[in-house]
**Q** 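Following this message is one structure expressed as structure tokens.
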Amino acid sequence: MAEITYVRGDATTPQGKGVKVIAHVCNDLGGWGKGFVLALSRRWPEPEAAYKCWHRERAKNDFGLGGLQLVQVEPYVWVANLVGQRGIRTGRSTGVPVRYEAIDTGLAALGSRALELGASVHMPRIGCGLAGGRWEKVEPLVTARLAARGVPVTVYDFD
């Protein structure tokens, strides 16, 4: 069993050696423009372009809650677009967009892919920003689907 390591820093510059996957949560509307995705887009255009294409062609693919898309951005770095929120918050929203079951499903798929790649996984506290989730609910999913399967995980708290 691997552990979750917590560090201060930027998840878009993952620490360590070897293959790394940067995981984050996306919405199911095809919207990309607030939160952690802005930091991703400042570094690489590919994750946004791939996500928008995946959404646009959703009638012919697996886009939807719980879906996972891996996008290679450097020889040893991938970005995992994980669809884990229903819609987005608006001024009239009641409740939060996070969907823990979808995050769990996406993390299970990510665990398998990370093991295939021999990769570590790096992330902010996914689902806990704009999606409105609570880390106390997400952390056990990360532990069960990644760390318990031997995938090293680093969680970044941005200063």
Side-chain angles (χ1 to χ4, degrees), residues 2 4-89 97-100 102-133 138 141-142 145-147 149-159:
I4 299 175
T5 302
Y6 291 86
V7 299
R8 290 223 169 273
D10 181 355
T12 67
T13 55
Q15 302 173 8
K17 296 192 183 316
V19 179
K20 297 176 267 307
V21 177
I22 301 168
H24 72 107
V25 165
C26 306
N27 64 62
D28 65 349
L29 296 177
W32 183 289
K34 288 187 176 180
F36 183 69
V37 298
L38 295 178
L40 285 173
S41 290
R42 278 193 292 274
R43 288 201 51 133
W44 308 285
E46 298 91 348
E48 178 179 1
Y51 168 77
K52 287 183 172 179
C53 180
W54 187 32
H55 175 263
R56 194 171 46 252
E57 297 175 3
R58 65 192 176 279
K60 299 179 247 165
N61 64 41
D62 63 348
F63 183 92
L65 286 171
L68 177 73
Q69 179 189 53
L70 283 186
V71 182
Q72 191 167 15
V73 294
E74 292 180 10
Y76 296 98
V77 180
W78 298 72
V79 171
N81 294 331
L82 191 163
V83 184
Q85 78 180 64
R86 163 90 61 207
I88 57 173
R89 280 193 197 191
V98 69
R99 294 295 180 268
Y100 297 109
I103 291 174
D104 188 45
T105 300
L107 286 173
L110 177 57
S112 297
R113 294 297 307 276
L115 289 169
E116 288 169 15
L117 292 167
S120 55
V121 174
H122 304 258
M123 65 180 70
R125 292 182 188 238
I126 59 169
C128 299
L130 295 172
V138 176
L141 305 177
V142 173
R145 299 304 188 180
L146 300 175
R149 295 173 70 188
V151 177
V153 178
T154 303
V155 174
Y156 296 75
D157 288 312
F158 193 71
D159 289 328

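Just so it is clear, the structure is predicted and the values come from calculations on it, not from any experiment. These values consider heavy atoms only, across backbone and side chains, with no hydrogens, waters or symmetry-generated copies.
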**Q** How close do Val21 and Ala119 get, counting heavy atoms only, and between which atoms?
**A** CG2-CB, 3.8 Å
**Q** Show me the pairs that pass salt bridge (Lys or Arg N to Asp or Glu O under 4.0 Å) and involve residues 4-19, at least two apart or across chains.
**A**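 Sorted result for residues 4-19: Arg8-Asp159.
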**Q** Please indicate whether Tyr6 has more than 12 foreign heavy atoms, meaning atoms of other residues, nucleotides or ligands, lying under 6.0 Å from its OH.
**A**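 More than 12 within 6.0 Å, yes.
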**Q** What distance do Leu110 atom CG and Leu146 atom CG have between them, rounded to the nearest 0.5 Å?
**A**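 Here the rounded value is 5.0 Å.
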**Q** Under a 3.5 Å distance rule, please check whether Arg113 uses its side chain to pair with a backbone N or O of Gln69 as donor and acceptor.
**A** no
**Q** Within the distance-only criterion (no hydrogens, no angle test), does the side chain of Arg58 pair as donor or acceptor with the backbone N or O of His55 below 3.5 angstrom?
**A** yes
**Q** Please answer whether the main-chain N or O of Trp54 pairs with a side-chain N or O of Asn61 as donor and acceptor at a distance below 3.5 Å.
**A** yes
**Q** Side-chain contact, heavy-atom cut-off 4.5 Å: Cys128 with Val138?
**A** yes
**Q** When the ring planes of His24 and Trp32 are compared, do they come out parallel, tilted or perpendicular, using 30° and 60° as the limits?
**A**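 Ring orientation, 0 to 90° scale: perpendicular.
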**Q** So, does Asn81 use its side chain to make a donor-acceptor pair with the main chain of Pro47 at under 3.5 Å?
**A** yes
**Q** Contact between Val121 and Val142 at the side-chain level, heavy atoms closer than 4.5 Å - yes or no?
**A** no
**Q** Could you tell me whether a side-chain N or O of Glu46 sits under 3.5 Å from a main-chain N or O of Ala49, the two making a donor and an acceptor?
**A**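 No; judged by distance alone, with no hydrogens or angles, the pair does not exist.
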**Q** Can you measure from OG1 (Thr105) to CZ (Arg145) and round to the nearest 0.5 angstrom?
**A** 7.0 Å
**Q** Please tell me if the side chains of Phe36 and Met123 come closer than 4.5 Å, counting only heavy atoms from C-beta onward.
**A** no
**Q** Answer yes or no: is there a side-chain heavy-atom contact under 4.5 Å between Val37 and Glu48?
**A**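 Of all side-chain heavy-atom pairs linking Glu48 with Val37, none is under 4.5 Å.
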**Q** Would you give the length of the straight line joining atom CD1 of Ile22 to atom OG of Ser120, rounded to the nearest 0.5 angstrom?
**A**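 The OG atom of Ser120 is 9.5 Å from CD1 of Ile22, to the nearest 0.5 Å.
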**Q** Taking all non-hydrogen atoms of both residues, which atom of Leu82 and which atom of Gly106 are closest, and how far apart?
**A** CD1-C, 3.7 Å
**Q** When you measure from the side chain of Tyr51 to the backbone of Gly30, do you find a donor-acceptor pair of N or O atoms at a distance under 3.5 Å?
**A**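 Yes: the side chain of Tyr51 pairs with the backbone of Gly30.
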**Q** Restricting to non-hydrogen atoms, name the atom on Ala131 and the atom on Pro97 that form the minimum distance, rounded to 0.1 Å.
**A** O-CD, 3.1 Å
**Q** If we only count heavy atoms from C-beta on, is the Val7 to Thr154 side-chain gap below 4.5 Å?
**A** yes
**Q** Provide the closest heavy-atom pair for Leu29 versus Asn27 in the form atom of the first, atom of the second, distance.
**A** N-OD1, 2.8 Å
**Q** Please report the closest heavy-atom contact between Val151 and Ala114, naming both atoms and the distance.
**A** CG1-CB, 3.9 Å
**Q** Among His122, Arg42, Arg43, which residue satisfies the side-chain contact (heavy atoms from CB on, under 4.5 Å) criterion with Thr12?
**A**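 Only one option passes, and that is Arg43.
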**Q** Could you give the distance from CD1 (Ile126) to CG (Leu107), rounded to the nearest 0.5 Å?
**A** 4.5 Å
**Q** State, to 0.1 Å, how close Ala2 and Gly150 come at their nearest heavy-atom pair, and which atoms those are.
**A**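 Nearest heavy atoms, Ala2 then Gly150: CB-C, 3.8 Å.
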**Q** To the nearest 0.5 angstrom, please state how far the SG atom of Cys26 sits from the CD1 atom of Ile88.
**A** 13.0 Å
**Q** Just by distance, do the side chain of Asp28 and the backbone of Gly87 share a donor-acceptor pair under 3.5 Å?
**A**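 Side chain of Asp28 to backbone of Gly87, a donor-acceptor pair under 3.5 Å: yes, one is there.
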